[in-house]
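In what follows, chains are A, B, ... by sequence order, proteins preceding strands, each numbered from 1. Keep in mind that what you see is a predicted model, and the values were worked out from it rather than measured.
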There are 2 protein chains.
Amino acid sequence: MNVIDESGILAIATRLQRLSDQLRKDGVLIYKANGIDFEPKWFPVIYTLHLRSVLSVVEIANEIGYTHPSTISLLKELEKVKLIRSKKDKTDERKRLIQLTPKGQELIEQMKPVWDVMIAALTELTATQNNLLLAIAEVEEQMKRLSMFERAKRIGRLTN
Amino acid sequence: MNVIDESGILAIATRLQRLSDQLRKDGVLIYKANGIDFEPKWFPVIYTLHLRSVLSVVEIANEIGYTHPSTISLLKELEKVKLIRSKKDKTDERKRLIQLTPKGQELIEQMKPVWDVMIAALTELTATQNNLLLAIAEVEEQMKRLSMFERAKRIGRLTN
DNA sequence: TGAATATATGTAGTTAACTACGTAGTTTTA
DNA sequence: TAAAACTACGTAGTTAACTACATATATTCA
């Protein structure tokens, strides 16, 4: 992938995605090597419920930064493997309240030492001159102030 | 997305992907605002052909770091909108040689000033304390030396 | 030189996110 | 207090990458 590396910042979206994919694939391998039946894509939901215990579908979606349909399909999977369960909110019939099952809580306890190993491996990987995690946070912050599109408009004085 | 931001490095794959998506979406808007009919996902192929002029399917796939089936589907789209064309390699009948059409070359000339604006906007966005592009390159380099999985094995002394 | 292996391309099906749209409750307001 | 607007959830269909498999041509080697 010479050309993409050399094209510099224009291909940054491609490179971000590729890096994300690679890390996620390694995540799968690490869980598997530890005998844990868990997919990295479930992490945001499970971790959120670990911290907040009972949340509605949309609350989870907001916490993890996904759309609610994406969240619903994750929740369906997690319900199927019995890591979470849900019940109607009695005070607001529109809402479905989600929480971990005992099995889900046990799995989290099993995963905690694996998470520690992952944190260590990731910290090692990203402890370079320019820290990736900090760089992401900084760029997210910059984008909150003014998106790439807004910046391009300003720079290029677009009519639109 | 409070929880994900707070969960730190464990959710780094999720955050990388989200950032990539946002940048790509803004890319679409910027092309559109400049009256250019171009999708950011086409960039790697088009930019590669711009630099190398004639390549086979697999050569392009390697340059852009995608699998060849993904590359084939991009090439199909690009052929449909007549930005590229292909012909059989006479010395090796297995190969299909791909190149830009005149329309493709014209479009590149049209896009160049837009690319400059994008480069400026992205440079502005990522010129923070920890430079995102450099951080990516550094992590890619680290992963080439030893993947996250290998590091986790070493750290956790896994049996597998 | 023919059999085995390797390479190039292609197809089918999967995945994990998305957008667009619909419905049912809840809240606000005229 | 009925209509309008909003909120929560769900479904259907799309997208952009992937893996697995199939086939045709080229190369290597016994």
Side-chain angles (χ1 to χ4, degrees), chain A residues 1 4 11 13-29 38-46 54-80 84 86-98, chain B residues 1 4 11 13-29 38-46 54-80 84 86-98:
Chain A
M1 49 212 187
I4 293 314
T14 296
R15 287 174 78 182
L16 286 168
Q17 203 188 328
R18 208 161 56 198
L19 196 48
S20 170
D21 283 355
Q22 284 172 338
L23 292 174
R24 202 164 286 195
K25 276 179 197 162
D26 275 20
V28 174
L29 293 178
F38 191 76
E39 301 187 23
K41 68 174 163 167
W42 294 341
F43 175 79
V45 171
I46 291 295
V54 181
L55 291 172
S56 74
V57 174
V58 169
E59 282 166 345
I60 293 173
N62 290 337
E63 284 292 339
I64 70 179
Y66 283 1
T67 60
H68 82 271
S70 309
T71 306
I72 286 170
S73 91
L74 286 174
L75 293 174
K76 263 186 197 156
E77 282 181 47
L78 287 166
E79 208 150 11
K80 205 168 176 182
I84 64 162
S86 65
K87 56 170 198 266
K88 271 251 170 293
D89 183 335
K90 278 167 189 164
T91 70
D92 184 342
E93 288 272 306
R94 294 169 305 175
K95 286 190 187 174
R96 223 176 98 206
L97 297 178
I98 315 292
Chain B
M1 45 208 189
I4 292 314
T14 296
R15 287 174 77 184
L16 285 169
Q17 202 187 328
R18 208 162 56 199
L19 196 48
S20 169
D21 283 355
Q22 283 171 338
L23 292 175
R24 203 164 284 195
K25 276 180 196 159
D26 275 20
V28 174
L29 293 178
F38 192 76
E39 301 187 24
K41 68 173 163 166
W42 295 341
F43 176 78
V45 170
I46 290 295
V54 181
L55 291 171
S56 75
V57 174
V58 169
E59 282 166 344
I60 293 173
N62 290 337
E63 283 294 338
I64 70 179
Y66 283 0
T67 60
H68 81 270
S70 310
T71 306
I72 287 170
S73 92
L74 286 174
L75 293 176
K76 263 186 197 155
E77 281 181 47
L78 287 166
E79 207 151 11
K80 205 166 174 184
I84 63 161
S86 65
K87 56 168 195 268
K88 271 251 170 295
D89 184 335
K90 278 168 192 164
T91 71
D92 185 341
E93 288 273 305
R94 293 170 305 177
K95 286 190 186 172
R96 225 176 97 205
L97 297 178
I98 315 291

Which residues satisfy the salt bridge (Lys or Arg N to Asp or Glu O under 4.0 Å) test with A:D89, sequence neighbours excluded? none
Test side-chain contact (heavy atoms from CB on, under 4.5 Å) applied to A:P69 - qualifying residues, sequence neighbours left out: A:T67
Does A:V57 or B:K41 map to a spot on DNA chain D nearer the 5' end, using the closest nucleotide for each? A:V57
Between C:dT9 (C1') and B:D89 (CG): distance, integer Å: 13 Å
Comparing nearest nucleotides in DNA chain C, the 5'-proximal residue of the pair A:E93, A:E77 is A:E77
Base, sugar-phosphate, or nothing: which does B:S73 touch, judged by heavy atoms less than 4.0 Å apart? nothing
How would you label the contact of A:D92 with the nucleic acid (heavy atoms, under 4.0 Å): base, sugar-phosphate, or nothing? sugar-phosphate
A:Q22 and A:D26, any side-chain heavy atoms less than 4.5 Å apart: no
Residues two or more places apart in sequence or in another chain: which of them pass side-chain contact (heavy atoms from CB on, under 4.5 Å) with A:E79? A:I84, A:S86, A:R96
The ring pair (Phe, Tyr, Trp, His ring centres under 6.0 Å) partners of B:Y66 (sequence neighbours excluded) come to none
Ignoring hydrogens and geometry beyond distance, is the side chain of B:R94 in donor-acceptor contact with the base of C:dT7 at under 3.5 Å? yes
By salt bridge (Lys or Arg N to Asp or Glu O under 4.0 Å) - contacts of A:K95 (at least two apart): none
Nearest-angstrom distance from the residue atom CZ of A:R96 to C1' of C:dG25: 16 Å
With heavy atoms of chain A within less than 4.0 Å as the criterion, where does contact along DNA chain D begin and end? D:dT7 to D:dT19
With a non-hydrogen cut-off below 4.0 angstrom, is B:K88 in contact with a base, only sugar-phosphate, or nothing? nothing
